[in-house]
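All heavy atoms count here, side chains included; hydrogens, waters and symmetry mates do not.
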Amino acid sequence: METWRVIAAALLAAAGLPLMLVVMAKVRDRTQSSGQVALGGVITFTLLAVVGVLTLTVLPGVVSWVLVAAVAAAVSVMLLAS
């Protein structure tokens, strides 16, 4: 496995954890339902896990790095907006 794939997946995971927490907090603010918060967390985690596995295995380099940048930008915007 190439080193750049491991680095991209690690950066995706590092940016994905705050993203998951922010999504869960926003769901809590809007619904006040713990079930919906858990569902939002599970969906976010599953999407990040799928993208991480695809990054480690089959996605081309440009697509992988664009996804890492998009997740990092989304986290930055969400954290600055809250």
task = Evaluate the side chain to side chain contact (heavy atoms under 4.5 Å, CB included) criterion for residues W65 and I7: first the C-alpha distance (whole Å), next the side-chain angles of each, then the deciding distance (0.1 Å), finally the verdict.
result = CA-CA 10 Å; W65 288 112; I7 293 170; 3.9 Å; yes

note = What one should report as the nearest heavy-atom pair of V23 and G40 is CG1-O, 4.2 Å

ask   = Is there a path of hydrophobic side-chain contacts, each under 4.5 Å between heavy atoms of I, L, V, M, F, W or Y residues, that connects V71 with L54?
value = yes

request  = Decide whether L19 and L11 are clustered together by the hydrophobic rule: side chain heavy atoms of Ile, Leu, Val, Met, Phe, Trp, Tyr closer than 4.5 Å, transitively.
outcome  = yes

inquiry  = Quick check against the 3.5 Å criterion: does R30 have a side-chain atom that pairs as donor or acceptor with the backbone of A25?
reply    = no

A15 to P18 - nearest heavy-atom pair and separation = O-CD, 3.4 Å

hydrophobic_cluster_shared for L59 and V68, side chain cutoff 4.5 Å = yes

request  = Check step by step if side chain to side chain contact (heavy atoms under 4.5 Å, CB included) holds for M1 and V6.
outcome  = CA-CA 8 Å; M1 187 171 306; V6 175; 4.0 Å; yes

query = So which of L39, I43, T44, V37 actually passes side chain to side chain contact (heavy atoms under 4.5 Å, CB included) with V27?
reply = V37

query = Do L17 and F45 share a hydrophobic cluster, counting only Ile, Leu, Val, Met, Phe, Trp and Tyr and linking them when any side-chain heavy atoms are less than 4.5 Å apart?
reply = yes

ask   = Are the side chain of Q36 and the backbone N or O of Q32 linked by a donor-acceptor pair below 3.5 Å?
value = no

message = The test is side chain to side chain contact (heavy atoms under 4.5 Å, CB included); show your working for V42 and T46 and say whether it passes.
response = CA-CA 6 Å; V42 167; T46 303; 4.0 Å; yes

query = At their closest point, which heavy atom of W4 faces which heavy atom of G61, and how far apart are they?
reply = CH2-CA, 3.4 Å

query = Nearest 0.5 Å, what's the CG-CD distance between L56 and E2?
reply = 10.0 Å

Rounded distance [0.5 Å steps], CZ in R5 versus CG in L12 = 13.0 Å

key: Derivation of the side chain to side chain contact (heavy atoms under 4.5 Å, CB included) call for L79 and V22   = CA-CA 7 Å; L79 289 176; V22 169; 3.5 Å; yes

Closest heavy-atom pair and its distance - G52, A9 = O-CB, 4.4 Å

